[in-house]
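Everything on this sheet refers to the single structure shown next.
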Amino acid sequence: MQEFDVVIIGGGPIGIACGLEAKKRGLSYIIIEKGPIVNSLFNYPINMQFFSSSEKLEIDGIPFISKEAKPKRNEALEYYRRIVTSNQLDIHLFEKVITVEKENDIFQVNTDKDQYKAKNVVVATGFYDLPNRINVPGEDLPKVSHYYKDPHFYASQKLAVIGASNSAIDAALECWRKGAEVSLIIRGPEVGPRVKYWVRPDIINRIEEGSIKAYYNSTVKEITPREIIIDTPEGETSLENDFVLALTGYMPNFTFLERLGIALSDDEKRLPSYDPETMETNVPGLFLAGVICGGMETHKWFIENSRIHAPIIMDAITHKEASV
């Protein structure tokens with residue numbers, strides 16, 4: 001069984017940054033990713049544009065050149081893929097970590113393909129895999145999705161979009177522009193305040209002109225094969241419906257973190273325990289990197305402010321190795 005100084009779980013931008021830092025310091029490492037390179041970004045909507053400008057998405061000082069100030073999904077895929085291939089990073093793709101066990105200060109990482117031993121483990125798995133469910137009858141119907149990819153699919157269809165943040169608003173606008181009849185169901189009194197500043201006026205104007213029907217202070221009660229039933233301030237309303245996009249956000253895999261022995265806060269934030277000076281958790285040798293550090297506060301960490309985790313972690317590991 002191979003033994004590494006560090007096993008990095010997650011091949012997104014921050015996991016890649018950790019691999020680059022480990023390689024620079026001469027640490028033996030491996031990145032394990034259950035999908036393709038930057039799997040979460042690959043599964044973003046085809047036309048998605050980042051809120052951040054390209055220089056804030058850069059890792060290891062490698063320039064990210066994009067056509068516009070704020071790059072799009074396909075440019076990010078090209079950027080991170082080229083970093084992996086050009087630097088010949090040791091990354092195992094389409095390999096899922098099943099369990100991580102620790103014995104005598106050594107971790108054993110078991111995947112669906114192999115086993116590895118490591119002195120240290122970095123978890124950089126993000127939060128895009130588990131959607132926040134709305135928990136209503138009909139949520140599991142085939143016409144309901146928690147992920148949005150391409151607006152063409154919804155052309156000439158009656159589409160309900162649930163949510164008020166960037167993903168929901170982008171989907172509502174794109175699908176309307178491709179000919180969908182869009183209803184937007186928002187739990188609060190307005191479009192989310194964190195919606196991209198160049199998109200928010202667009203959706204508000206489309207709502208005010210009646211192109212997109214918005215139901216504020218409303219929640220979904222039930223989804224049927226042909227309708228969606230919502231509770232509104234004016235009472236229960238039934239809408240004819242072909243498809244539902246429940247874009248209500250995502251959460252980290254807390255079950256996986258708990259199985260690793262990581263302590264989580266008892267409140268609704270479910271913040272994982274770690275030392276911000278080293279990113280080491282309450283389990284010695286086990287580190288967190290990236291957006292997963294925010295627990296349910298998924299708006300707290302982004303690529304641009306969590307890319308610093310990579311050098312922090314690898315510094316801590318290097319210093320620990322030097323002191324042994």
**Report entry** R177 atom CZ, over 12 foreign heavy atoms within 6.0 Å
**Finding:**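 Yes - once you tally the heavy atoms of other residues, nucleotides and ligands closer than 6.0 Å, there are more than 12.
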Next item on the list: Answer yes or no: are there more than 12 heavy-atom neighbours, outside F42 itself, under 6.0 Å from its atom CZ?
Entry: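 Atom CZ in F42 is not packed in, count stays at 12 or less.
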Quiz item: In terms of side-chain geometry, is the basic nitrogen of E95 or K113 positioned less than 4.0 Å from the acidic oxygen of its partner?
Solution: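 Salt bridge between E95 and K113, a charged N being under 4.0 Å from a carboxylate O: no.
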*Do D5 and K119 meet the salt-bridge criterion of a basic N to acidic O distance under 4.0 Å?*
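Salt bridge between K119 and D5, a charged N being under 4.0 Å from a carboxylate O: yes.
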For [Y], does the six-membered ring have the charged nitrogen or CZ of [X] within the cation-pi criterion, i.e. under 6.0 angstrom from the centroid and within 45° of the normal?
X: K70; Y: F51; result: yes
X: R73; Y: F50; result: no
X: K72; Y: Y79; result: no

Can you pull out every salt bridge (Lys or Arg N to Asp or Glu O under 4.0 Å) where at least one residue sits in residues 10-24? Sequence neighbours excluded, please.
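Every salt bridge (Lys or Arg N to Asp or Glu O under 4.0 Å) pair that includes a residue of residues 10-24, provided the two are not neighbours, is E21-K24, E21-R25, K24-D60.
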Quiz item: Can we call the ring centroids of F243 and F153 under 6.0 Å apart?
Solution: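 Ring-ring flag for F243/F153: true, centres closer than 6.0 Å.
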Query raised in the report: If Ile, Leu, Val, Met, Phe, Trp and Tyr residues are connected whenever their side-chain heavy atoms lie under 4.5 Å apart, and connections chain through other members, are I312 and I292 in the same group?
Result: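 Result: yes, single cluster for both.
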Classify the angle between the aromatic ring planes of Y147 and Y128 as parallel (below 30°), tilted (30 to 60°) or perpendicular (above 60°).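 Aromatic pair Y147/Y128 classed perpendicular.
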Checklist line | Side chain to side chain, I186 and N217, heavy atoms closer than 4.5 Å | finding: no
